[in-house]
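Structure record follows, encoded as structure tokens.
Numbers restart at 1 for each chain; the letters A, B, ... are given by sequence-line order, proteins then strands.
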2 protein chains.
Amino acid sequence: MKKTSILNKLRSSGLRPTKQRVEIAKFLYSRDKTFHFTVESLGKYLAKKTTTKFALATIYNTVHAFKKAGHLSEVHLRGKNNTTYFDTNISNHHHFYDSQTSELIDINENEIKFDKIPKSPNGKTIKNIEVIINLKN
Amino acid sequence: MKKTSILNKLRSSGLRPTKQRVEIAKFLYSRDKTFHFTVESLGKYLAKKTTTKFALATIYNTVHAFKKAGHLSEVHLRGKNNTTYFDTNISNHHHFYDSQTSELIDINENEIKFDKIPKSPNGKTIKNIEVIINLKN
DNA sequence: GACATACTTTAGAACTATTATAAACTTTAA
DNA sequence: TTAAAGTTTATAATAGTTCTAAAGTATGTC
Ligand SMILES: [Mn+2]
Ligand SMILES: [Mn+2]
Ligand SMILES: [Zn+2]
Ligand SMILES: [Zn+2]
């Protein structure tokens with residue numbers, strides 16, 4: 001993703017393109033594959049790959065702002081150290097989870113098909129379905 | 001579940017039947033339906049239903065001991081307030097999740113059937129599959 | 001460019017779920 | 001009854017996350 005489209009992405013979401021946001025967006029969206037991360041891991045990557053300083057609160061703020069703007073999703077999974085995973089794949093999709101490495105791998109929505117699903121309880125409807133396939137070696 | 005089988009359950013797991021463990025086991029296993037709870041909520045229920053005192057650490061210890069003994073399972077879901085859910089249903093099964101109320105509802109394993117599942121990556125095999133059906137009103 | 005305004009970053013404090021510590025207490029088996 | 005091992009407890013420590021309020025920055029207008 002190039003600089004101008006990064007700026008557009010931010011501006012069209014009502015987010016001022018600050019140095020920190022632009023760096024984070026470049027880091028997250030200049031890649032082909034889905035990227036799964038925790039705030040802590042993102043901070044480490046940013047420290048390694050950029051010379052910009054990021055307060056931890058800024059990473060939290062930015063990740064939440066991106067999520068609110070629809071540019072990130074939060075994975076509804078409780079990882080090893082009570083960690084929250086974020087995901088650059090914002091479509092409905094599923095995951096392999098390797099608890100040994102704490103790694104998530106995407107499964108496209110169309111790679112899982114259901115034969116049978118229970119009907120939702122008492123006046124509720126289905127918002128979405130999340131499948132986690134836990135892996136072992 | 002009656003007193004003697006509570007004691008058997010504890011003893012056969014190598015857990016001494018202390019006052020606190022017996023109360024918690026009675027509370028958790030003297031019911032027909034699955035019970036989902038957080039440590040905090042369990043503490044509140046115990047305070048309401050019993051006259052025994054429970055240090056918070058004891059509830060954590062006991063829940064973990066029961067989990068280790070195979071009498072409880074932990075739900076791999078990140079709830080609203082970063083809460084950990086435990087489950088008296090120790091079989092492989094799935095859940096409805098109502099994020100409005102933070103409530104879990106069991107789905108038996110045989111109520112969900114897959115038509116298509118991706119093959120696991122690179123030398124890994126499937127340990128188990130967890131489905132969360134998120135509900136809305 | 002200079003200015004006013006609203007927004008953003010920041011360091012540090014605060015908060016909350018959970019785990020660790022170590023002393024007092026209880027269960028168990030001899 | 002006694003000693004050893006296990007358990008509970010209050011409290012401190014940890015760790016992920018959110019809050020605060022002061023300093024800094026982006027933006028629109030002149
Ligand atoms: Mn650096
Ligand atoms: Mn009471
Ligand atoms: Zn994903
Ligand atoms: Zn359940």
Distance test, side-chain N/O of A:His64 to OP1/OP2 of D:dT18, below 4.0 Å: yes

Report all interatomic pairs (protein N or O, nucleotide N or O of nucleotides 2-5 of chain C) with separations under 3.5 Å.
none

If I take atom CZ in residue B:Phe86 and atom P in nucleotide C:dA17, what distance separates them, rounded to the nearest angstrom? 13 Å

Starting at atom CZ of B:Arg21, determine the distance to atom P of D:dG6, rounded to an integer number of angstrom. 11 Å

Which sits closer to the 5' end of DNA chain C, B:Asn61 or B:Thr83, going by the nucleotide each is nearest to? B:Thr83

The answer to which of B:Asn82 and B:Leu15 contacts DNA chain D further toward the 5' end, by nearest nucleotide, is B:Leu15

Mutual orientation of the aromatic rings belonging to B:Tyr97 and B:Tyr85 [parallel < 30°, tilted 30-60°, perpendicular > 60°]: perpendicular

Is a donor from one side chain sitting under 3.5 angstrom from an acceptor on the other, for A:Thr83 and A:Asn81? no

Between D:dT25 atom P and A:Phe54 atom CZ, what is the distance in whole Å? 15 Å

Would you say A:Phe96 ends up clustered with A:Phe86 if hydrophobic residues are merged whenever their side chains have heavy atoms under 4.5 Å apart, either directly or through other cluster members? no

Whole angstrom value for the distance that separates P of C:dC25 from NZ of B:Lys53: 17 Å

Mind calculating the distance between CD (A:Glu74) and P (D:dG16) to the nearest angstrom? 15 Å

Are A:Phe114 and B:Phe114, when compared by the centres of their aromatic rings, separated by less than 6.0 Å? yes

First encountered from the 5' end of DNA chain C, between B:Pro17 and A:Leu56: A:Leu56

If we count only N and O atoms by modelled type, under 3.5 Å, do the side chains of A:Asp87 and A:His93 hold a donor and an acceptor together? yes

With respect to the side chain of B:Thr84, which nucleotide from C:dT10, C:dT19, C:dT18 is positioned closest? C:dT18

Within less than 4.0 Å of OP1 or OP2 of D:dT25, is there a side-chain N or O belonging to A:Thr18? no

Could you tell me how far apart A:Ile24 (CD1) and C:dT10 (C1') are, to the nearest whole angstrom? 13 Å

Euclidean distance, atom CD1 of residue A:Ile59 to atom C1' of D:dT18 [Å, nearest integer]: 15 Å

Does D:dA26 have OP1 or OP2 under 4.0 Å away from a side-chain N or O of A:Arg11? no

In whole Å, what is the span from the CG atom of A:Leu46 to the P atom of C:dT10? 11 Å

Does A:Gln20 make a side-chain N or O approach to OP1 or OP2 of D:dT25 shorter than 4.0 Å? no

Ion pair check, A:Arg78 and B:Glu74, cut-off under 4.0 Å: yes

Using 30° and 60° as the class boundaries, would you call the ring planes of A:Tyr29 and A:Phe66 parallel, tilted or perpendicular? tilted

B:Tyr60 has a side chain; which of D:dG16, C:dA17, D:dT11 sits nearest to it? C:dA17

